[in-house]
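Only this structure's heavy atoms are used, side chains among them; waters, hydrogens and symmetry mates stay out.
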Amino acid sequence: MKLYDVYVQKLVRWSSAVLLAFTVFVAEGAYIGPGSGVSSVPDSGDGMTTVAAILKNPQDDRRVVLRGNLVRKIKHETYLFNDGTGEIIADIDDHDFPPQPVTANTKVEIIGEVDVDRVSAVEVDVKSLRIISK
């Protein structure tokens with residue numbers, strides 16, 4: 001019976017150590033604030049930027065947060081996004097959409113990176129999409 005208790009204690013300790021290490025790893029990987037080395041300089045004080053600001057000064061791989069509407073689907077995983085200041089192509093993977101339907105009238109927030117390609121227009125490679133209001 002004592003041998004069984006020793007194994008259980010070792011299993012509990014090992015599981016706790018793995019869980020703690022995983023939690024620290026996840027928390028560290030998700031941080032993108034000061035000191036993280038990720039450039040996230042927005043145009044306004046509230047962390048948001050605008051399509052007009054992106055198109056005026058496109059910087060490849062710049063992190064952006066935009067609020068507006070997906071006004072139409074251009075092709076598979078490619079949409080036209082409008083925030084009231086202009087329109088830009090948004091590349092959104094199917095798995096990044098929420099389970100709720102998104103229409104042209106649905107206000108969304110997208111977080112992504114600017115993609116500057118000399119052949120095509122300036123685009124946003126969307127990493128996250130959330131519904132703000134229907």
Side-chain angles (χ1 to χ4, degrees):
M1 192 64 148
K2 287 188 176 200
L3 185 59
Y4 175 77
D5 291 338
V6 170
Y7 284 126
V8 170
Q9 287 177 351
K10 284 184 179 183
L11 180 62
V12 168
R13 286 183 190 150
W14 182 83
S15 298
S16 298
V18 168
L19 183 60
L20 179 63
F22 180 73
T23 303
V24 169
F25 175 75
V26 170
E28 177 112 6
Y31 181 71
I32 56 170
S36 68
V38 176
S39 173
S40 60
V41 182
D43 289 342
S44 63
D46 62 356
M48 303 295 297
T49 191
T50 64
V51 171
I54 293 169
L55 296 176
K56 182 178 179 182
N57 184 20
Q59 298 172 352
D60 199 32
D61 297 328
R62 177 178 176 203
R63 182 181 175 275
V64 293
V65 179
L66 297 164
R67 286 189 180 162
N69 301 80
L70 298 174
V71 294
R72 98 181 124 99
K73 183 174 185 173
I74 297 171
K75 62 181 183 178
H76 181 69
E77 297 186 348
T78 305
Y79 300 83
L80 187 63
F81 178 84
N82 185 320
D83 70 347
T85 69
E87 294 181 337
I88 195 165
I89 302 294
D91 290 326
I92 309 170
D93 293 338
D94 291 337
H95 67 267
D96 289 327
F97 274 90
Q100 303 86 358
V102 175
T103 69
N105 297 323
T106 306
K107 185 151 184 164
V108 297
E109 178 181 80
I110 59 174
I111 300 173
E113 294 178 352
V114 175
D115 186 15
V116 179
D117 188 353
R118 295 178 193 261
V119 176
S120 63
V122 176
E123 302 176 349
V124 175
D125 182 14
V126 176
K127 307 296 183 191
S128 170
L129 181 145
R130 78 177 175 97
I131 295 175
I132 296 173
S133 64
K134 289 268 179 191

Under the side-chain contact (heavy atoms from CB on, under 4.5 Å) test, which residues partner P58, sequence neighbours left out?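 Only V116, V122 meet the side-chain contact (heavy atoms from CB on, under 4.5 Å) criterion with P58.
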T78: side-chain contact (heavy atoms from CB on, under 4.5 Å) partners, not counting sequence neighbours: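 With sequence neighbours excluded, T78 shows a side-chain contact (heavy atoms from CB on, under 4.5 Å) to I74, K75, I89, D91, given in chain and number order.
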Counting C-beta onward and ignoring hydrogens, is there a side-chain heavy-atom pair between [X] and [Y] closer than 4.5 Å?
X	Y	value
V124	V64	yes
T49	I54	yes
F97	V108	no

NZ of K73: more than 12 outside heavy atoms within 6.0 angstrom?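 Correct, the count exceeds 12.
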Contact list for residues 107-134, test ring pair (Phe, Tyr, Trp, His ring centres under 6.0 Å), sequence neighbours left out: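 Listed once each, the pairs would be none.
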Quick one: salt bridge (Lys or Arg N to Asp or Glu O under 4.0 Å) pairs with a partner in residues 102-117, sequence neighbours left out?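 Only R67-E109, E109-R130 qualify under salt bridge (Lys or Arg N to Asp or Glu O under 4.0 Å).
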Heavy-atom closest contact (P98 atom, L129 atom, distance):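 Smallest heavy-atom distance, with atoms named: CD-CD2, 3.3 Å.
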Considering all heavy atoms of both residues, which atom of T106 and which atom of P101 are nearest to each other, and what is their separation?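 Here T106 and P101 meet closest at OG1-O, 4.3 Å.
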Between OG of S128 and CD1 of I110, what distance do you get to the nearest 0.5 Å?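 Here the interatomic distance stands at 9.5 Å.
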Throw together a table of side-chain donor-acceptor distances under 3.5 angstrom for residues 79-88, partners on residues two or more places apart or in other chains.
from, atom 1, to, atom 2, distance (Å)
N82, OD1, G84, N, 2.5
N82, ND2, E87, OE2, 3.4
D83, OD1, T85, N, 2.8
D83, OD1, T85, OG1, 2.7
D83, OD1, G86, N, 3.3
D83, OD2, V51, N, 2.8
D83, OD2, T85, OG1, 3.2
T85, OG1, V51, N, 3.4
T85, OG1, A52, N, 3.1

Identify, with sequence neighbours excluded, every residue that meets side chain to side chain donor-acceptor pair (under 3.5 Å) alongside D125.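 Listed in chain order: K127.
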